[in-house]
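Okay, structure first, notes after.
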2 protein chains.
Amino acid sequence: MTRADEAFDCLQTAIVKGELAPGEKIGEVELCARFNLTRGPLREALGRLESRGLLVRRPHAGVSVVSVSVAELLELYRIREVMEGLAARQAAERMTDEEISALQSTLDSHERLIEQAQGQAYYQAEGDYDFHHRIATGSRNTKLAQMLLGDLYYMVRMYRYRLSTSAGRPHMALGEHRRIVEAIAQRDGELAEFLMKRHINAARRNIEKKIEEGLLSF
Amino acid sequence: MTRADEAFDCLQTAIVKGELAPGEKIGEVELCARFNLTRGPLREALGRLESRGLLVRRPHAGVSVVSVSVAELLELYRIREVMEGLAARQAAERMTDEEISALQSTLDSHERLIEQAQGQAYYQAEGDYDFHHRIATGSRNTKLAQMLLGDLYYMVRMYRYRLSTSAGRPHMALGEHRRIVEAIAQRDGELAEFLMKRHINAARRNIEKKIEEGLLSF
DNA sequence: GTCAGATGGATTGTTGACAATATTGAATTA
DNA sequence: TAATTCAATATTGTCAACAATCCATCTGAC
């Protein structure tokens, strides 16, 4: 692992976890001091992060974490809907039997986690992330998995940390997950796509509802 | 425009146009000499390109242009199908009337270009690119446009240059384009999505057919 | 008092040299 | 003769200094 990779990981998690506030204009030397880096690798990491849309960089004017809106979060869910629908369909066609049973096992442990840590949003979010992660890789579509895992999920997690809006509908989400896995196990790609799209659509509408209720501030 | 940006553009077009062969392991100093750059900006550009999946970089082992297969090209078309379907739907909902008439105008000029330069694959491909470009931006979905314009289209164009497989069905494609624009003009997002998906699906099957006929070598 | 312009400071962009590591080739041994 | 190990070399990763550019503040005029 090279220094630039370390810098990339550190900065990415820092942005996702909200340790670097959105819109915050932050200098390179300050970042170097904070993460014990030198400017060379840092700049490489900054370039990569800019290319992924997590921060913007104006020439001679410094870098700033991308400032975001709920409207854009909803747009992300629209993208997720179609892309993860495709991922579910291809996963149903291509996952090995071992992968499918492993997926079912993770759902079981998610269920236990939900029962144990009632309302602990963090674990729910992690379980959700695990589920979608497995299906993305199971699609055997390299670019699709790359775009989902490398771009979209990081942005969604960033919003999650920032708004602390991990749905709050764990049981319902788990049930939807089970039905999707069922469709995959039956190798019914069309149904898996339909269910996945509906699942993400429900999550998006849940956020919209919270906005209408005034529970999400901006 | 900074040196790193120049390097990024130069390298990207060089990769897309095939001037840098796939799988070719190329040294940094050679790249510097070729594009009149120093290693600092070059490395930044390399990081960005790696993050976009156009080249791979193993530590202490050099960079090499991503080597690709037709199977992966077909996977790209699967992704395009769902993403551009979404783009068409949102474009139908959100494009301004001015944008729509501009889109119709571009189709007219494409038609003239096809008539004039019969079989000149290059212009057809450029026209096709223009069409999809306008719809992606017209979706008003920042991230969606970014993913399509910044990632997928460059990869597709790379394959196009490499295989010189610009469909060869210009009139049919133009007709499909017209029907899509018609749906957008009528603000029928659902129809626009359906037609766009079918359009890209047809393009993918056209490539598959050529493979079966042995016209595409690898 | 306010706006315009210029200057100083700070920050970014760039460069070249230095250190660390993988590859390649040759030499040795089984 | 083939495989393996070792060393030389070339290439990449890293660093610190230099140059270019922007931003803010200060000064001056209207």
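Every chain is numbered from 1 and lettered A, B, ... according to where its sequence line falls, protein lines coming before strand lines.
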Give me the residues of residues 53-64 of chain A where at least one heavy atom lies under 4.0 Å from an atom of DNA chain C, by number, or none.
A:Arg57, A:Pro59, A:His60, A:Gly62
Ion pair [X]/[Y], N-O distance below 4.0 Å:
X	Y	answer
A:Arg78	B:Glu93	no
A:Glu75	B:Arg94	yes
A:Arg52	B:Asp151	no

Nucleotide [N], atom [atom2] - distance to [atom1] of [X] in whole Å:
X	N	atom1	atom2	value
A:Arg43	D:dT14	CZ	C1'	15 Å
A:Glu44	D:dT12	CD	P	12 Å
A:Phe8	D:dG13	CZ	P	16 Å
B:Asp5	C:dT14	CG	C1'	14 Å
B:Leu46	D:dT12	CG	P	9 Å
B:Leu42	C:dG13	CG	C1'	15 Å

Counting N and O atoms only, with roles assigned by atom type, does the side chain of A:Ser69 sit under 3.5 Å from a partner on the main chain of A:Glu72, one being a donor and the other an acceptor?
yes
Look at the aromatic rings of B:His132 and B:His199 and report parallel, tilted or perpendicular, splitting at 30° and 60°.
parallel
Measure the acute angle between the ring planes of B:His177 and B:Phe131, then classify it against the limits of 30° and 60° as parallel, tilted or perpendicular.
parallel
If we ignore angles and hydrogens, is there a donor and acceptor under 3.5 Å between the side chains of A:Asp128 and A:His110?
no
DNA chain D-proximal residues of residues 25-41 of chain B, any heavy atom under 4.0 Å:
B:Ile26, B:Gly27, B:Glu28, B:Arg39
Counting only side-chain nitrogens and oxygens, does B:Thr2 get under 4.0 Å of the OP1 or OP2 atom of C:dT14?
yes
Compare every heavy atom of A:Thr96 with every heavy atom of A:Arg187, then report the nearest pair and how far apart it is.
NH2-C, 4.0 Å
Check B:Gly189 against B:Ala92 and note the closest heavy-atom contact, atom names and distance.
CA-CB, 3.6 Å
Under the criterion side-chain contact (heavy atoms from CB on, under 4.5 Å), which of A:Val66, A:Leu11, A:Ile15 is the partner of A:Leu55?
A:Ile15
May I ask you to check whether over 12 heavy atoms, not counting those of B:Tyr154, lie within 6.0 Å of atom OH?
no
How bent is the helix from C:dG1-D:dC30 to C:dA30-D:dT1, comparing axes over its five end pairs at each side, to the nearest 10°?
20°
